[in-house]
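Below, chains carry the letters A, B, ... as their sequence lines are ordered, and counting in each starts from 1. Keep in mind that this is a model prediction, so the values were computed, not measured.
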Amino acid sequence: MTRYDPAEIEPRWQQRWHAADLFRCETEGAGEPFYCLEMLPYPSGRLHMGHVRNYTIGDAVARYQRMRGRRVMHVMGWDAFGLPAENAAIQHGTHPRRWTEENIEAMRRQARRLGWGYDWSREISTCEADYYRWNQWFFLRMLERGLVYRARRPVNWCPSCATVLANEQVHGGRCWRCGEAVTERDLDQWFVRIRDYADELLQGLEALEGWPERVRRMQAHWIGRSEGAAVGFPAEGLERPIEVFTTRLDTIYGATYLALAPDHPDLEALVAGSPQAGAVRSFVARQRGRTLVDRFSAVGEKEGVFTGRYARNPFTGERIPIWVADFVLAEVGTGAVMSVPAHDQRDFEFARKYGLPLRCVVRAPDGLPLTADRLEAAYTEDGVLHDSGPYTGLSSAQARERMLADVQARGWGGRRVVYRLRDWGISRQRYWGTPIPVIHCELCGPVPVPEEELPVRLPEQAPLTGEGGSPLARLPEFVRAACPRCGTSAQRDTDTMDTFVDSSWYFFRYLDPHNARAPFDTTRVRPWLPVDLYIGGIEHATMHLIYTRFWTKMMRDLGLVAIDEPVRRLFTQGMVIKDGAKMSKSRGNIVDPDAMVARYGADTTRLFSLFAAPPEKDLEWSEAGVEGCWRFLQRVWRAFDEARAHLGPPNAPRPAGVDRGAALELRRVAHRTIARVTEDLLPERLQLNTAVAAIMELTNAIVPLSRAERLDSAEAWALREAFEILARLLAPFAPHLAEQLWEGLGHPPFVSAAAWPEAEAELLVRESVTIVVQVNGRLRGRVELPRGASEAEALEAARAEPRVSAYLDGRRIERVVYVPDRLLNLVVR
RNA sequence: GCCGGAGUGGCGGAACGGUAGACGCGGGGGACUUAAAAUCCCUUGGCCCGGCAGGGCCGUGCAGGUUCGAGUCCUGCCUCCGGCACCA
């Protein structure tokens, strides 16, 4: 008997797949395209189990679709720019490129060892000029269209990473990458007008039926559309009125003060010369030093300072004080609010603390007007207006409409929609990224680098300190440039692009990876898009997955693609957990994929990562579970070894007698397994854990026959058929062992290229079925009947069952519920 | 606070509104072995009646409801996880 030795089997098949170029995919050709995509990895060093899970799911789907006859695009690439490379370089005195390339090399080797089938001829690495030049090209296209602009603005700053972060990259006030508390800084930055697409990004979510509801909700919330009105409050000492945004225009008669954000642009002009100026300035200075984390944790303890200035409520003509308050955020709405303490909880708390007046103007529809002195909390519901001049008596909704019409008629302001989504700041003050193709000229301002001069190459050497400031700025030979417009000496932009730019369009490039004239050829990519299935972690719900949707729409508007959305079906797989926590180096609960492969082989590793939990849920790592998968594969191996003696030649004619007895039973199980596994592998289902379970059941049905002393010709034939089915069903999950079985069965290679088995319909239905008999909904017996038996026949059979008849004895059957071939429920009294 | 998701054996998890617990792990018993490992076979939700054969009751977070029938649908709670969070 031969031993199951993955260390011997697996490299051999990997070699043969490679030699046969089995996974190459032509852009054009026969077969319906299927684009199976997984989020490309950051080459951090080694694969971790999260990668293994992600890519094994994708590989199983890709292999399955290939066997179904689809032309499958399945590619691997590297999100190769980014900060860890730079930090590692600083720490270990190496170069980011070298560090990155070594990691890619190691991870590519690991990918092969796990048996993942990619078209390596399409591999891309985003740190290559061939790739990032097109980031620059897109930047210039967006600049032409005004989709990129430069602005000085308070931006999120991660002190540890020494760079700016986009809003999406700040999670709970902390850096998404390193967890450091984020502060604010004023910097000149390039921004992408993703906000211009806010409405479309929001609307588009409804059509994304193939996306998890969870992700759609998260994005909708992230975009955060709110509808209301912008109203100008004339302020003493300012030429232009202070514009406030409100969704509760109906409460405007209750506004008793204005509150401005500490970094409101008009604040300095407002307070200049006021006796309060000093107090305001020191308050503002204190606020600026606070981190976001600090600000979040202080929710509820609002602070503010009176500016010494007043504004006029356009509706009432009333003079109300202007305050600066920390709970008003510059980036929300207009950065200024009309405060209505009686009807807004925040305004209420602030007014209480500083003794500002309250005025009630809305009451519950069935209630009495509240009075300010009795209020314990703001009344924030809609209701009926009182003490609101001509609007008194209107409902909140009516009032909002009328008031808005009057605001517009009198030129005070108008309807306004604001989004929580902010423009995407893409400038990064680090080295290892795409240089921004702009030259700053003292005379002409920022001038785009002419297209024919692309790529602006990232200099191979730059002084890296990690202490802040763009490393490229310290390279005079990089910085110095002639202004493309006027020719005078000017300076290159020394920031690099956010690496989320790289990952926004890489899967378009996979489809045309060597194109030197354009990011990709429009006609080539068309048949492949949108991506049929995209697999990755949930953590990108409001980062990468928003950016790439935006990028697709932007490319559509440039005429490059004809789609509105990049991804038809999104699958978010769960995390890999060990001892109740996400695997991480700092926790020391890492399981190394290499060690797994060395010990159990790739097939066991793959199988476990698919079997141990439904793919969308978190997977708890269990050594015992791995052992179980290992045992299963051994069992398959041994069963096949034992069966050899029984098996006839391939393609033998079907002998008489396969339609009864053990042969029939085995055939039924085998064909039912085809149906189950096929269904579980559908992109909209993807229940790979139950698919594996079904294959285990098939194996359990095979074992007794393969081990039998002697089989008749029908049983032997059925046994061969079962193994041929097993080999092909196993191919997406444990492809090496599957190849070995296929070869052992006398077939030419490769099972990976064989046709997926078809279930014979007549084997899926039985001529006799077990019907469950219930009395009053409780299980009391089972009867065997021919399929399609009538209710009367079922009833007769049920009455003949002693267990059933005991419950019917002396009672009247009031109702019979009959589900043909399944169940009979007798309702008695 | 708002928005999602999830609660099923000792564990991971299965179950078109129709036999709850597939498959795997773990446990118990047995075979093989001098012994162990490996492997194989039987068994395994709880309680109760029975010598066995067999049978009964309870059971999918809690409380109700709809239904002939609810893990699954509805209402209200509880707990845990995730996202957002002073959004004007």
Side-chain angles (χ1 to χ4, degrees), chain A residues 171-173 212-222 224-226 228-229 244-249 251 259 261 295-296 298-302 325-329 331-340 343-347 349-350 418-420 538-539 541-542 574-575 577 607-608 611-614 616-629 631-632 634-635 638 676 687 689-700 703-704 707 770-782 802-803 806 813-819 821-828:
Chain A
H171 295 172
E213 181 63 16
R214 178 159 69 133
V215 174
R216 296 198 280 171
R217 297 257 183 188
M218 281 166 73
Q219 290 207 355
H221 189 246
W222 188 263
R225 184 179 199 274
S226 63
V244 305
F245 173 75
T246 178
T247 56
R248 291 300 304 275
L249 189 56
T251 64
R295 209 157 75 179
F296 291 150
V299 167
E301 299 154 41
K302 297 161 184 41
D326 64 348
F327 72 90
V328 183
L329 309 176
E331 61 271 22
V332 176
T334 58
V337 299
M338 62 172 207
S339 288
V340 185
H343 303 295
D344 180 288
Q345 190 57 27
R346 293 155 303 181
D347 298 344
E349 286 164 20
F350 192 82
V418 305
Y419 296 94
R420 196 180 158 284
I538 185 75
E539 65 273 16
T542 55
M575 289 189 299
I577 302 284
L607 205 67
F608 175 74
F611 177 64
E616 73 281 3
K617 289 179 63 175
D618 288 350
L619 181 159
E620 171 74 35
W621 193 264
S622 140
E623 201 65 26
V626 177
E627 292 276 355
C629 290
R631 277 204 288 267
F632 164 67
Q634 278 189 313
R635 200 165 139 81
R638 213 166 26 243
R676 288 169 70 186
Q687 289 211 5
N689 56 326
T690 52
V692 174
I695 295 171
M696 288 173 169
E697 285 181 66
L698 172 58
T699 306
N700 291 344
V703 164
R707 195 178 293 151
T770 305
I771 290 177
V772 171
V773 182
Q774 298 181 333
V775 178
N776 287 345
R778 300 185 67 103
L779 175 69
R780 295 302 177 193
R782 300 180 172 87
R803 254 182 88 201
I813 298 178
E814 292 211 318
R815 186 167 168 188
V816 177
V817 178
Y818 181 54
V819 183
D821 297 339
R822 283 203 87 103
L823 171 141
L824 180 72
N825 186 13
L826 306 173
V827 185
V828 303

Atom pairs, N/O to N/O, protein against nucleotides 5-11 of chain B, distance under 3.5 Å?
none

Distances for protein N/O vs nucleotides 54-56 of chain B N/O pairs under 3.5 angstrom?
{"unit_1": "G56(B)", "atom_1": "OP1", "unit_2": "Arg780(A)", "atom_2": "NH1", "d": "3.4"}
{"unit_1": "G56(B)", "atom_1": "OP1", "unit_2": "Tyr807(A)", "atom_2": "OH", "d": "3.3"}
{"unit_1": "G56(B)", "atom_1": "OP2", "unit_2": "Arg803(A)", "atom_2": "NH2", "d": "3.4"}

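Candidate nucleotides C40(B), A88(B), G13(B) were compared by shortest atom distance to the side chain of Val328(A), and A88(B) ranks first. When distances are taken from the side chain of Arg420(A) to each of U19(B), C84(B), C41(B), the shortest belongs to C84(B). Candidate nucleotides A88(B), G13(B), G18(B) were compared by shortest atom distance to the side chain of Ala613(A), and G13(B) ranks first. Listed nucleotides C86(B), C68(B), C40(B) differ in distance to Arg638(A); the shortest reach to its side chain belongs to C40(B). In the set G18(B), U19(B), A88(B), A88(B) carries the atom at the smallest distance from any side-chain atom of Phe245(A). Taking only side-chain atoms of Arg822(A), from C-beta outward, the nucleotide of G13(B), U19(B), A88(B) with the closest atom is U19(B).
Looking only at side-chain heavy atoms (C-beta outward), Cys629(A) and Phe611(A) come within less than 4.5 Å of each other. Counting heavy atoms from C-beta outward, Val418(A) and Val332(A) have side chains that stay 4.5 Å or more apart. Contact of the Arg214(A) side chain with the Ile538(A) side chain is registered, since non-hydrogen atoms from C-beta on lie closer than 4.5 Å. Taking 4.5 Å as the limit, some side-chain heavy atom of Gln774(A) sits within range of a side-chain heavy atom of Leu823(A). With a 4.5 Å cut-off on side-chain heavy atoms, Lys302(A) and Asp326(A) count as touching. At least one side-chain heavy atom of Met338(A) sits under 4.5 Å from a side-chain heavy atom of Thr251(A).
Between Ile771(A) atom CD1 and Asp821(A) atom CG the span is 6.0 Å, to the nearest 0.5 Å. With values rounded to the nearest 0.5 angstrom, Glu814(A) atom CD is found 9.0 Å from Asn776(A) atom CG.
In this structure, the side chain of Arg803(A) engages the main chain of Arg780(A) through a donor-acceptor pair within 3.5 Å. Formation of a donor-acceptor pair under 3.5 Å by the Asn689(A) side chain with backbone atoms of Ala612(A) is not found in this model.
Using P as the reference atom, G7(B) and C73(B) are 11 Å apart when rounded to the nearest Å. Annotation: G45(B) and A53(B) have their P atoms spaced 16 Å apart (nearest Å). Comparing the C1' positions of G10(B) and G28(B) gives an interatomic distance of 13 Å, to the nearest angstrom. Nucleotides C78(B) and A85(B) are separated by 25 Å at their P atoms, to the nearest Å. Comparing the same atom, P, in C25(B) and in C42(B) gives a spacing of 14 Å after rounding to whole Å. With both ends at atom P, the span from G5(B) to U72(B) equals 16 Å, rounded to whole Å. If you take atom P in C11(B) and the same atom in G26(B), they sit 15 Å apart, rounded to whole Å. Spacing of C1' atoms, G21(B) relative to U43(B), comes out at 16 Å, to the nearest Å.
Phosphate proximity of A88(B) to Ser339(A): absent, as no side-chain N or O sits under 4.0 Å from OP1 or OP2. The side chain of Gln687(A) places an N or O atom within less than 4.0 Å of a non-bridging phosphate oxygen (OP1 or OP2) of A15(B). Taking only side-chain nitrogens and oxygens, Arg217(A) comes nearer than 4.0 Å to OP1 or OP2 of G4(B).
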**OP:** Apply side chain to side chain donor-acceptor pair (under 3.5 Å) to the pair Arg815(A) and Asn825(A), showing each step before the final yes or no.
**Re:** CA-CA 8 Å; Arg815(A) 186 167 168 188; Asn825(A) 186 13; over 6 Å; no
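Annotation for Ala541(A) and Gln219(A): closest pair O-NE2, 2.9 Å, computed over non-hydrogen atoms. The two residues Asp347(A) and Ser339(A) make their nearest non-hydrogen contact at OD2-CA, 3.2 Å.
Shown here, G29(B) is classed anti by the O4'-C1'-N9-C4 or O4'-C1'-N1-C2 angle, which is more than 90° from 0.
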**OP:** Determine, for nucleotides 21-33 of chain B in 5'-to-3' order, which nucleotides have protein heavy atoms under 4.0 Å from the base (write B), from only the sugar-phosphate (write S), or from neither (write -).
**Re:** -BBSSS-------
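Remark: C40(B) base-pairs with G30(B). Criterion, Watson-Crick or G-U wobble with two distances under 3.5 Å. In this structure, A53(B) makes no Watson-Crick or G-U wobble pair, since no nucleotide meets both defining distances under 3.5 angstrom. Pairing of C80(B), defined by two Watson-Crick or G-U wobble distances under 3.5 Å, is identified with G5(B). When Watson-Crick and G-U wobble pairs are counted only if both distances are under 3.5 Å, C23(B) pairs with G12(B). Across all strands shown, C68(B) is found opposite G18(B) as a Watson-Crick or G-U wobble partner, with both distances under 3.5 Å.
Between the CZ atom of Arg225(A) and the C1' atom of C84(B) there is a distance of 19 Å, given to the nearest Å. In this structure, CG of Leu329(A) is placed 11 Å from P of A88(B), rounded to the nearest angstrom. The CG atom of Asp618(A) sits 12 Å away from the P atom of G12(B) (whole-angstrom rounding).
Nucleic acid contact for Val827(A): sugar-phosphate only, since backbone atoms but no base atoms lie under 4.0 Å from a heavy atom of the residue. Within the nucleic acid shown, Asn825(A) comes within 4.0 Å of at least one base atom, counting heavy atoms only.
Electrostatic pairing of Arg346(A) and Glu349(A) does not count as a salt bridge here, judged by no charged N lying under 4.0 Å from a carboxylate O.
Ranked by how close their nearest RNA chain B nucleotide is to the 5' end, Gln634(A) and Asn776(A) are led by Gln634(A).
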